[in-house]
Amino acid sequence: MEELKKGGIFNISDLKNVRISIGEIVEEEEEWEPMGPHPMPGIATLRNWDFLLLNRYKPFYAPLCDMCCLCTYGKCDLTGNKKGACGIRMDAQHGRIVLLACLVGCSAHCGHGRHMLHEMIKKFGGDVPIDFGPEVDVEAPLTRLVCGIKPKTIRDYEKVFDYIEEQIVQLADALHTGQEGSYMDFESKALHMGMLDSLGKEAADIIQIACYGMPTSYEGGGPDVPLVDVGIGTIDTTKPVVLVIGHNVPPAADIGDYLTENGLEDKVELAGICCTSIDTTRVYKKAKIAAALGRQLRVIRMGIADVVVVDEQCIRADILELCQRVHSPLIVTNDKAMHGLVDRTDDNPDKIVDDLVSGRVPGVVILDPEQVGEVAVKTVIQMDKKRKGLNLILSDEEFKYYVNDCILCGNCTLACPNGLRIGEANQSAASGDIEPLAGLFDLCVGCGRCEQVCKKHIPIVDVITKAAYPQIKEEKGRMRIGRGPVWDSEIRDVGAPIVLGTIPGIIAPIGCGNYPNGTKDAWLIVKEFAERNYIVTLTGCMAIDCALWKDEEGKTVYEQHHGRFDAGGVLNIGSCVSNAHIHDAAIKVASIFAGRPLRGNYEEIADYILSRVGACGVAWGAMSQKAASIATGFNRLGVPAVVGPHGAKYRRAFLGRPDLKDDWKLIDATDGSEIYFEPGPQHLLVACETVEEALPMIAKLCFRPSDTDRGRSIKLTHYIDLSLKYLNAYPPDWHLFVRTATDLPIANKNELLKKLEDEHDWEIDWKMKRIKEGPIRGYDPSFNPTNLRRLIREKKK
Amino acid sequence: MGMEIPFDVANIPGPEMGEVAPPEVIGSYISSAKRPLLVVGSEILRDDFFLETAIEIGRRGVPIAATGHSIRGFVEKEYTENVSYYNLHELTNCLRDPSWKGLDGKGNYDFVIFFGIVYYYASQMLSCIKNFAIDPLIRAVSIDRYYHPQARMSFTNISPEMEEGYKDMLNRLVSSIK
């Protein structure tokens, strides 16, 4: 080099104006595992796997709208699977809509994750280590599996989000008019989007765990995480109350820090709604959970909060109007939901406080979480004094006036998502019986559509709240704070019983509160499976809602059951993004227990999980697009999900048909032989009408071909027992899961053998108590099930 | 016959919305169907009358698919002759397949009657039948107390104070099944 010029340009010998630019410096990577076949898969990379799933679990469409309105050719009427002007048919259009929903859901999780990464690098630097303690070596199973990356610091997630965002854009491209035309390919893309969603969730949670020191396997973490107060009745309204809502914890964490630093922990209540509340309890010991999503409107309308702080996702679009109505200043902290307010991030905090307290402005945008901490606390202390004496619960006179004013027009019922008979309850209240009205409080999903159509302008939400107020004040539950990752050591202990079936399943109640019949269903699902020694892993709103109910001893499911990832455990894994750890637990069973290679090896791991890990998601109140992408992510990994009846409005299910024999063929990896097998799991996504129907369905979806006879016997016991308990009948298909007499529950083996003989024409050897003929296949303990030909160890000669 | 507001008021599917029909018309369609199927849901358990109505339709030769947890009621009434439990999603998935063998192994159905199913779930399944069970066509009707625009024919919305009137409509429907 002879001469260096500006801008990195220099001359070498006779070569002039040579420019060398140095991009990323790649450090020599630790050899942790050979790279698998599919690191950072593109849209088409895992298409064969998707089609294998989609051919067994065929997409089922139930259009919510028969038209396409996305381009100016339209509106197009697609009724009867007609084609629109662009050539797309109804089925493909609905595959497209599902992909769009998954895109929105995935973007929410991943946008949140990227935002979190930026914030955390700004606050803590990029070198924060990802170290989850001595019990968690496989710290990021999805990151390793999908990206082939073993992250050491949070900075490593730059590459992960680069990958996710590039894929999201490519998938969004496929939505444009004149692109994809096959419903199968739309669904393959939706499955890809679901996988990205799960990866983005894992990234977001890992980053916040690493930076905030949320529970891991260090002391006090995992099964030993503390319990926290849940429920509107636990909020001490004699103190100033800050209410945080959303899914992005940094502003709430900084409120907690500010309270701690200023000795205000016992003087100010920090309570939350939805996932921010769950995550706040992971970083601030005094935090409380006011409610899940379904109570948002009502908690605000009750006037509990002296200040409301929102971040992102699941915030009501009318949040500003609601806050103004109850004189609660609103602090908006995220640029994705600014609600028309002025950005005051760079203003003097005391000036902002003064403007909020004086009421000169109803709310502000503050995008710096630390500043949010200061402004929220200073404002709440002043607002508490100002709001003292403000009673937003209807007076007895107001209540009486409104219930008498109802003209029973029925408009509220037609507007209600659950079709609640509000008018009749008003009529009862007018006659002196408020129980029917009070009973609506828990059945109501808290949308407020009833008020939009009431001809008499009755504040129906407030009327129901008034009727239920005594019970609301007693809404006091306890739940474990989000524990984050399942430990490797726990997986080592339960890997075998899960795969063999002696732990009958992992049940994952997750997601929103759009329940068909109130929060008690969430409690019942958890209780029923925990008592039957399934492992119950919860996240999000269901983790909160199940804690509102107690047994006869006054204990919640969290108090009654241990928090280990083991039989009978009830684990709060954390917020919505934390449910990636449930995927991770299934992945770890494959990698840690079974020793399957993890790195860049999605297809093989998903194949393992589909065939051997009896896990089932339950999104009983699924509402959002995030829930769509979460379920789709579970499905690609081989985990089925059951949704409540509102879930049918997602328009698509993945349903298997046991009567189509050829859909149920597996390969024995030992010798390559093809085996017809029982439909386990029968579906990847199915809706049930009632919780009574859902309970046996969930148990059914835990059958796997790898079950040992002992494991199958346990699973059959629960399937039959739940069906008898809740449907008062044997399941019509229980016999499909019987391979041998030792699969049958021991307690009523003879009775079941008789039923097989009488009702299904099976041939029984009564002397030996054996099945001679009838099952789809016999039980072979050496059966090594796979769907992938490339995994055959030795081809059959 | 006339048009009505969907029970879930915003549930406007598109250009093809079901007709409101009186019980006798629906009854006559059931009578003329080659292979009718009654699909009942959990709401028939809210009053014995509805369960008895379903059983009466069953006794008139219409097989019953009991969805949700409605099978409980039939077992308790000891009427299981032509009743089978089916999950509604699973059942609808089969209905859209012309080669499905049906509950009795004799083939798919040409006329299905929805009764006592949670409104919005029923609506979605009726939508699937309308849009995808088209060759051969399966006609799906609702005899619930809701107007179902996704059904070919439906009762009108019936308020709770008209419950007795609704029961009368069901009695008329049963009587008209020949």
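Values in this document were obtained by computation on a predicted structure and should not be read as measured data. Within every chain, numbering begins at 1; the chains are lettered A, B, ... in the order of the sequence lines, protein sequences first and strands thereafter.
- For Asp91(A), the parts sitting under 4.5 Å from any heavy atom of chain B are the backbone and the side chain alike.
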Task: Verdict with reasoning, Arg449(A) to Asp8(B), per side-chain contact (heavy atoms from CB on, under 4.5 Å) - done: CA-CA 11 Å; Arg449(A) 283 197 329 215; Asp8(B) 186 347; 3.5 Å; yes
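- No side-chain donor from either of Thr79(A) and Glu16(B) sits under 3.5 Å from a side-chain acceptor of the other.
- When Met67(A), Lys82(A), Gln427(A) are compared by the number of non-hydrogen pairs under 4.5 Å with chain B, Met67(A) comes out ahead.
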- [ ] Could you go through the side-chain contact (heavy atoms from CB on, under 4.5 Å) check for Glu689(A) and Leu88(B) one step at a time?
- [x] CA-CA 8 Å; Glu689(A) 189 188 12; Leu88(B) 184 59; 6.0 Å; no
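- Considering every non-hydrogen atom in both Tyr121(B) and Ala687(A), the closest pair reads OH-O, 2.8 Å.
- For Ser70(B), no part sits under 4.5 Å from any heavy atom of chain A, backbone or side chain.
- The greatest number of non-hydrogen atom pairs below 4.5 Å with chain A, out of Glu76(B), Arg72(B), Arg96(B), is found for Arg72(B).
- Of the residues considered (Ala10(B), Pro13(B), Ala122(B), Pro6(B)), Pro13(B) shows the highest number of contacts with chain A, using heavy-atom pairs under 4.5 Å.
- From Leu660(A), atom CG reaches atom CH2 of Trp100(B) across 11.5 Å, with rounding to the nearest 0.5 Å.
- Between Cys128(B) and Tyr61(A) the shortest side-chain heavy-atom distance does not fall below 4.5 Å.
- Between Thr413(A) and Phe7(B), the closest side-chain pair of non-hydrogen atoms falls below 4.5 Å.
- Shortest non-hydrogen contact noted between Thr690(A) and Ser42(B) is CG2-OG, 3.4 Å.
- Across Gln124(B) and Ala62(A), no two heavy atoms sit closer than the pair NE2-O, 2.7 Å.
- Heavy atoms from other residues, nucleotides or ligands lying under 6.0 Å from NZ of Lys725(A) number more than 12.
- Highest contact tally toward chain A, considering only Asn87(B), Thr80(B), Ile12(B), is held by Asn87(B) [criterion: heavy-atom pairs under 4.5 Å].
- Across all their heavy atoms, Asn93(B) and Gly656(A) have their closest contact at ND2-O, 4.5 Å.
- For Pro59(A), the part lying under 4.5 angstrom from a heavy atom of chain B is the backbone only.
- Here the straight-line distance linking atom NZ of Lys649(A) with atom OG of Ser127(B) works out to 13.0 Å at 0.5 Å rounding.
- Using a 4.5 Å cut-off between heavy atoms, Lys75(A) does not touch chain B at all.
- Ranked by heavy-atom pairs shorter than 4.5 Å toward chain A, the options Ser99(B), Ser159(B), Gly73(B), Gly41(B) are led by Gly41(B).
- Contacts between Asn81(A) and chain B at a heavy-atom distance below 4.5 Å involve backbone atoms as well as side-chain atoms.
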- [ ] Could you please spell out the steps behind the side chain to side chain donor-acceptor pair (under 3.5 Å) verdict for His683(A) and Glu90(B)?
- [x] CA-CA 9 Å; His683(A) 309 298; Glu90(B) 292 175 354; 2.6 Å; yes
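- Both the backbone and the side chain of Pro516(A) have a heavy atom closer than 4.5 Å to some heavy atom of chain B.
- Both the backbone and the side chain of Pro63(A) come within contact range of chain B, with heavy atoms under 4.5 Å apart.
- Heavy-atom minimum distance, Asp66(A) versus Gln150(B): OD2-OE1, 4.1 Å.
- Distance check, rounded to the nearest 0.5 Å: OH of Tyr120(B) to CG of Leu64(A) gives 13.5 Å.
- Within a 6.0 Å sphere centred on CD of Glu81(B), heavy atoms belonging to other residues, nucleotides or ligands number 12 at most.
- Looking at Gln682(A), only its side chain comes within 4.5 Å of chain B, counting heavy atoms on both sides.
- If you tally non-hydrogen atom pairs under 4.5 Å between each of His94(A), Glu424(A), Arg421(A), Met90(A) and chain B, the highest count goes to Arg421(A).
- Identified by a heavy-atom distance below 4.5 Å to chain A, the contributing residues of residues 129-146 of chain B are Lys130(B), Asn131(B), Phe132(B), Ile134(B), Arg145(B), Tyr146(B), in residue-number order.
- One finds the CG atom of Leu414(A) at 9.0 Å from the OH atom of Tyr119(B) (value rounded to the nearest 0.5 Å).
- Annotation for Tyr29(B): atom OH does not count as buried by contact number, only 12 or fewer foreign heavy atoms lying within 6.0 Å.
- In this structure, Asp97(B) does not pair ionically with Lys58(A), as no charged nitrogen and carboxylate oxygen lie closer than 4.0 Å.
- Heavy-atom neighbours of Lys83(A) NZ from other residues, nucleotides or ligands within 6.0 Å: at or below the threshold of 12.
- Heavy atoms only, all atoms of each residue included: Met125(B) and Ala648(A) are closest at CE-CB, 4.0 Å.
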